[in-house]
Each structure stands twice: as C-alpha cells, then as structure tokens.
Amino acid sequence: MVGEEGAFVLGWDEVLTEEELSMTLRVLCMSEEEFKEYKEQDGWEDDSEEEENSTLSYEALSRLKTPCKKLLYDSVLLTLESYGSDLKAEQDLLNNTEAYEKLSRREQQALHVRYGQKRILHQLLELVH
C-alpha cells in the first residue's frame, strides 16, 4: 500500500500521496471483522463516490475518525523522535547568525530541509490532535 519507500509525502497544504495514506489508514483502522471482509473481497470494489471522499487535504485530515487521527498523531511523534534535535533547536540555530555562518553550505542546506520537514510535521500534529 505504501510503496517501496514506506513513507508518505506531505506538502504544506495537503498529503501528496493521499491515495496511499487514505488506503493505509482505512485498513489499519478497520475492525477485525471489516478486515476479514476486505481480504475476502480482495480489497474494495471501485466506487467513484468513495474515492472522491478519500481526498486528504489537511482540512480533511482534521475530520478523520479518532482512531485514525490517533494513529497519525503517534506516527508523526515517532517520526519527530527520529530526528537528532527538535524544531526549536533548529529555529534557534537559524536565528543565531554567528553559529549559522560557522556551518558549511551543505550543513546550512540540511538545516533548512530539516526545519521545513519538522514544521510540516508539527502542523500535522496540530490538525490531528
């Protein structure tokens, strides 16, 4: 369901791999009986109305059922824990001109990428909390 990387892609306004995330959440949040039925049917039949409702804008994420929101919330926390520092530490380093200028160009670019990733993850936390 997730693909080879085993990750979902989030943008500033929406989930960019919405089909994969939607399908994964639906399966992981099923009851045992629903999952048995899903397996027996080899997935869901094509249902265009259901497909339209699976769009995962950030606004739609905030309206997910509680178990799915909790699953997303916990997953985001685990992802944030995998970083060596938190969002505030990255922001402090970006605001400290002297310390920032001591970093190599590559380290500066990595800092900007990490900071952006963490901001998106924190935004997602707020939506599903």
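Note that these values count all heavy atoms, side chains included, but never hydrogens, waters or copies made by symmetry. This structure is a prediction, so every number in the text was calculated from the model and none was measured.
Look at Glu40 and Lys36 and you find no salt bridge, because none of the NZ, NE, NH1 or NH2 atoms lies under 4.0 Å from a carboxylate O.
Counting all heavy atoms, side chain and backbone alike, Ser57 lies closest to Glu14 at CA-CB, 4.1 Å. Closest non-hydrogen pair, Lys118 versus Asp86, comes out as NZ-O, 3.7 Å. Here the closest heavy-atom approach between residue Cys29 and residue Pro67 is recorded as SG-C, 3.9 Å. Looking at every heavy atom in both residues, Phe35 comes nearest to Val27 through CE1-CG1, 3.7 Å.
By the salt bridge (charged side-chain N to carboxylate O under 4.0 Å, His left out) test, Lys65 is found to be paired with no residue, residues two or more places apart in sequence or in another chain being considered. By the side-chain contact (heavy atoms from CB on, under 4.5 Å) test, Ser31 is found to be paired with Glu33, Glu34, residues two or more places apart in sequence or in another chain being considered. In this structure Ile120 satisfies the side-chain contact (heavy atoms from CB on, under 4.5 Å) test together with Leu10, Trp12, Tyr58, sequence neighbours excluded. Residues meeting the side-chain contact (heavy atoms from CB on, under 4.5 Å) test with Arg106, sequence neighbours left out: Ser104. Under the side-chain contact (heavy atoms from CB on, under 4.5 Å) criterion, Asn96 pairs with Glu98, Ala99, not counting sequence neighbours.
With Thr17 contributing its side chain and Val9 its backbone, the two residues share a donor-acceptor pair below 3.5 Å. Judged purely by atom type and a 3.5 angstrom limit, Lys69 has no side-chain atom pairing as donor or acceptor with the backbone of Leu61.
Here the CZ atom belonging to Arg63 is positioned 13.5 Å from the SG atom belonging to Cys68, to the nearest 0.5 angstrom. Going from atom CD of Glu90 over to atom CG of Asn95 covers 11.5 Å, rounded to the nearest 0.5 Å. Once rounded to the nearest 0.5 Å, the distance linking CD of Glu20 with CZ of Phe8 reads 7.5 Å. One finds the CD atom of Glu59 at 11.5 Å from the CG atom of Asp13 (value rounded to the nearest 0.5 Å). To the nearest 0.5 Å, atom CD of residue Gln91 and atom CG of residue Leu111 are 10.5 Å apart.
Side-chain contact between Leu94 and His112 is present, with heavy atoms from C-beta onward closer than 4.5 Å. The closest side-chain heavy-atom distance from Leu21 to Leu72 is below 4.5 Å. Side-chain atoms of Arg119 and Leu87, non-hydrogen and from C-beta on, do get closer than 4.5 Å to each other.
In terms of hydrophobic clustering, with Ile, Leu, Val, Met, Phe, Trp and Tyr side chains grouped at heavy-atom distances under 4.5 Å, Tyr115 and Leu121 are assigned to different clusters.
Using cut-offs of 30° and 60° for the angle between ring planes, the His129 and Tyr73 rings count as tilted.
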Which pairs would a plain distance check flag for residues 76-83, meaning a side-chain donor or acceptor within less than 3.5 Å of a matching protein atom at least two apart in sequence or in another chain?
{"residue": "Thr79", "atom": "OG1", "partner": "Ser75", "partner atom": "O", "Å": "3.0"}
{"residue": "Ser82", "atom": "OG", "partner": "Thr79", "partner atom": "O", "Å": "2.5"}
{"residue": "Tyr83", "atom": "OH", "partner": "Gln117", "partner atom": "OE1", "Å": "2.8"}

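In the displayed structure, Glu107 atom CD is contacted under 6.0 Å by more than 12 heavy atoms of other residues, nucleotides or ligands.
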